[in-house]
Amino acid sequence: MSENLKINDNSKYNKNNKNNIPNDDPNKIEKLTNAGKIHNKVMEEALKLIKPGEKLYNVAEYVENRIRELGGQVAFPCNISINEVAAHYTPYYGDKKVFSEGDLVKLDIGVHIDGYIADGALTIDLSNSYNDLKKASEYALNQAINEIIPPMNVGEIGAIIQGAIEGYGYKPISNLSGHVMEKYVLHSGISIPNVKENSKDFIDVGDVVAIEPFATDGFGQVVDGVERYIFKYLNTRPVRLPLAKTLLKLIEKKYPSLPFSEREVLKENSKYKLALKNLMNSGCIYGYPVLIEKNRGMVSQSEHTVLITENGAKIITKS
Ligand code: MN
Ligand code: MN
């Protein structure tokens, strides 16, 4: 998943984060590596399912079930964003939407083991007419990864990404960014911009970083759509609706820090639909809007999670 600078879920500032555990697990690297292996396998399998006529719902369910079968946990709902939708679409409960022949599909998957997250995405061009746009984000990602020497200013990474995408004649999406991850925390507070920026933030040895360039033939920014199918627990506040109370308890227990989908919640009880809205309006949960390219341009995305080592960035989401 990407960051669009709307919410700060930095665990250091989120006093309600029940998983605010220091990063002292001696098996951190092993767990992260294994999450990456599962990510890679599920991504390969899911790619074969993405064909015209197939339901997005089936692909998302396949991905999430397969992650669990292979011994991982779902770090965030499987994002399947098509064409001008850049990010944060996940099939809703009962979603009948199918892939079409002309679709430019972004598949974004998150796997974690004990909180260590592998977050990665790629673009599938069912139309075969957006090859360069797809290559632009792939090339930008590879360039950024190859050029990381710690400690490195994140603005410098943004400059590499921007240069690579512009070299293809496209625009990077400036208000979407990569993110440093911590145990059970998708966005630590440090962003990896997709454009050149004057930043005080650095990434250094030991950091786990999701780098995710987005390229577009549109404006180069995303705007919020009206749909929200991915949510995140914020804090517990008094709510009146009995069903909302029950749902809040379930969310606190099952999804204390990582995002969850409307789909998963409504599978438990389809009446939770109203409760979700109620919890969002009460400020107990945050709903991620679907992010759409401002000029309805086509969007490609490439993402890897990397571990910063003394020798550079090591790709986790690749075997
Ligand atoms: Mn991400
Ligand atoms: Mn992602």
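One-based numbering, in listed order, for ligands and for the atoms of each. Just so it is clear, the structure is predicted and the values come from calculations on it, not from any experiment.
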TODO: Can you sort out the partners of Glu156 under side-chain contact (heavy atoms from CB on, under 4.5 Å), two or more places apart, ordered by chain and number?
DONE: Met152, Asn153
TODO: Could you pull out all residues at least two apart from Val205 that satisfy side-chain contact (heavy atoms from CB on, under 4.5 Å)?
DONE: Pro150, Glu310
Task: Parallel, tilted or perpendicular: ring planes of Tyr229 versus Tyr89, cut at 30 and 60 degrees - done: perpendicular
- [ ] Taking only Lys NZ, Arg NE, NH1 and NH2, and the carboxylate oxygens of Asp or Glu, determine whether Glu138 and Lys135 approach each other closer than 4.0 Å.
- [x] no
Open item on the list: I'd like to check the ring-ring contact (aromatic ring centres under 6.0 Å, His included) partners of Tyr168; sequence neighbours left out, ordered by chain and number.
Closed with: Tyr139
Open item on the list: Restricting to distances shorter than 2.8 Å, give the number of protein N, O or S atoms close to the Mn ion (ligand 2).
Closed with: 5
Task: Lys294 NZ/CZ over Phe219 ring centroid, <6.0 Å and within 45° of normal - done: yes
